[in-house]
Protein chains: 2
Amino acid sequence: MSQEQRTKSQTKTAIDGLKELIFSGELPAGSDHLETELAQRLGMSRTPVREATLMLEGQGLLEVRPRKGVRILSLSVVDMDEIYELLTELESLAARRAANAGHSKDDLSVLANAIDEMETALASEDRESWARADEKFHTELVRLGGNSRVISIVANFNNQVRRARAMTLYIRPLPEKSNEDHRAVLEAIAAGDAALAFSVHHEHRSNARKMLIELLKKHGLKHV
Amino acid sequence: MSQEQRTKSQTKTAIDGLKELIFSGELPAGSDHLETELAQRLGMSRTPVREATLMLEGQGLLEVRPRKGVRILSLSVVDMDEIYELLTELESLAARRAANAGHSKDDLSVLANAIDEMETALASEDRESWARADEKFHTELVRLGGNSRVISIVANFNNQVRRARAMTLYIRPLPEKSNEDHRAVLEAIAAGDAALAFSVHHEHRSNARKMLIELLKKHGLKHV
DNA sequence: GCATTATTTAATGTATACGCAATGTAATGC
DNA sequence: GCATTACATTGCGTATACATTAAATAATGC
């Protein structure tokens with residue numbers, strides 16, 4: 001954790017608080033909440049809550065519906081598919097850029113570590129640890145890509161699918177083959193083979209997308 | 001134009017007003033403006049202006065800098081390059097999806113018309129008309145792609161580069177070859193050839209990107 | 001004179017007040 | 001009973017008041 005601001009503004013507090021409430025499921029997808037209720041809950045006046053909800057609406061986490069309250073957004077299968085398609089493209093773009101950037105072995109150590117962590121986690125079937133390492137890998141990959149717009153868009157959509165991912169973590173098959181892909185991507189980047197990095201990662205992500213969508217359909221999860 | 005809201009909220013008025021002021025250059029890139037000043041200018045209190053600036057900050061049009069005022073963002077060459085790279089990828093994705101969607105000739109008429117309009121405009125060297133038709137083509141292409149996330153992201157970044165595009169409209173060479181690409185993309189989509197639609201459009205966009213970046217550098221436009 | 005501290009200023013962040021419009025409820029006419 | 005209209009409620013949009021604090025300025029000691 002980075003050093004906290006001397007005094008965090010109420011609006012920031014509200015943003016973080018709401019995010020946390022949403023991610024944790026305390027404000028479930030589809031639920032409605034009046035500004036006054038949220039303000040009370042967060043211990044502040046309506047003003048900063050209002051500003052926070054407007055910003056989070058811009059980030060696709062909720063919807064402000066006058067007189068109906070703030071609605072926490074749920075994602076349909078189509079939404080998930082759209083987002084995964086987008087993430088596939090953007091992460092693959094990042095992989096290509098990362099390969100072209102000529103990163104040193106040292107630069108790539110976070111990726112390598114994440115892969116190791118996933119391996120360890122897989123061996124002990126520790127899905128939570130695996131998920132953390134997986135997210136670390138993908139986040140770092142995008143960071144290495146270096147396109148700041150891509151970085152923030154990907155981060156944003158990862159937030160949007162966070163709940164869904166957590167929800168499916170225990171019902172999906174252990175990603176045995178996944179790490180082969182990760183290693184292949186890492187190697188392509190280390191070798192500076194941009195086309196390969198792109199295509200391998202694209203394939204990897206496409207597969208994950210298909211798997212997830214099938215899973216959602218199979219379990220009748222129309223909204224997550 | 002769609003029927004106006006009975007009563008447009010002040011916040012919406014502020015958003016539209018600020019956008020217009022930014023796009024028109026009345027609030028030049030890099031300039032700073034206090035909330036009070038903007039409120040007076042827009043004829044309303046600080047509250048809706050504040051909400052508007054926060055939302056526009058989320059859209060990358062300006063930056064809220066406490067005590068320094070709202071700064072209208074300018075884009076560096078690197079920024080432009082990042083954005084064009086992103087647009088290249090997302091529009092190409094849209095082209096692929098459009099090709100896979102099995103659109104009828106009728107569905108593709110807007111694209112076809114836009115191409116014709118560009119041709120006409122080119123013949124009379126009417127750059128403004130050409131730019132409008134070109135934007136129409138690209139917007140429609142993305143719309144046909146049908147991924148709503150992609151649609152809104154592309155729209156957003158088009159807003160961000162709007163000024164820069166206007167600025168370079170008269171100093172860049174007439175895009176003689178450009179329409180060949182557009183036609184090729186249209187044909188690939190009509191034929192349902194997704195891979196071709198993707199690659200042709202990707203190439204088209206990459207070229208435009210290179211051209212623009214060269215142009216900015218050549219003219220010493222470090223910030224637009 | 002220069003650096004440091006105290007003071008003032010001003011712009012923001014936040015709370016609050018208030019009117020309006022949308023929603024629900026009761027009353028009325030048929 | 002049912003539809004329609006009047007009424008009450010309430011949640012939001014906006015203005016405004018106030019507190020806070022960063023920045024600018026003045027004052028002080030050396």
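Just so we're on the same page: letters track the sequence lines, and every chain starts at 1. Hydrogens, waters and symmetry mates are skipped; everything else that's a heavy atom, side chains included, is used.
Residues passing the ring-ring contact (aromatic ring centres under 6.0 Å, His included) test with B:H138 are B:H182, B:H201, B:H204, sequence neighbours excluded. Partners of A:D107 by side-chain hydrogen bond (donor to acceptor under 3.5 Å, both in side chains), not counting sequence neighbours, listed by chain and number: A:H103, A:S104. Take B:R162 and apply the salt bridge (charged side-chain N to carboxylate O under 4.0 Å, His left out) test, not counting sequence neighbours, and it matches B:E135.
Rounded to an integer number of Å, the gap from CZ of A:R50 to P of D:dT14 is 7 Å. Rounding to whole angstrom units, CD of residue B:E51 and C1' of D:dC12 are separated by 10 Å. C:dA21 atom P lies 17 Å from atom NZ of B:K8, rounded to whole Å. Distance, B:Q10 CD to C:dC18 P: 20 Å, rounded to whole Å. Residue A:R71 contributes atom CZ, which lies 13 Å from atom P of D:dC12 at whole-angstrom precision. Between A:M44 atom CE and C:dA15 atom P there is a gap of 7 Å when expressed in whole angstrom units.
Taking the side chain of B:R67 as heavy atoms from C-beta on, and the options C:dA15, D:dT20, C:dG13, the nearest nucleotide is D:dT20. Side-chain proximity of B:P48 to D:dC12, D:dT14, C:dT14: nearest is D:dT14. Counting only heavy atoms from C-beta on, B:R46 has its side chain closest to C:dT12 among C:dA15, D:dA15, C:dT12.
Remark: nothing in residues 27-41 of chain A comes within less than 4.0 Å of DNA chain C through any heavy atom.
Contacts classified as side chain to side chain donor-acceptor pair (under 3.5 Å) and involving residues 42-55 of chain B (residues at least two apart or in different chains) are given here: A:R50-B:E51, A:E51-B:R50, B:T11-B:E51, B:E35-B:R46, B:E35-B:R50.
For the pair A:T47 and A:G69, both in contact range of DNA chain D, the more 5′-proximal nearest nucleotide belongs to A:G69.
A salt bridge links B:E85 with A:R97; the closest basic N to acidic carboxylate O contact falls under 4.0 Å.
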Side-chain donor-acceptor distances from residues 209-224 of chain B under 3.5 Å, at least two apart:
{"residue": "B:R209", "atom": "NE", "partner": "B:D81", "partner atom": "OD1", "Å": "2.8"}
{"residue": "B:R209", "atom": "NH2", "partner": "B:D81", "partner atom": "OD1", "Å": "3.3"}
{"residue": "B:R209", "atom": "NH2", "partner": "B:D81", "partner atom": "OD2", "Å": "3.2"}

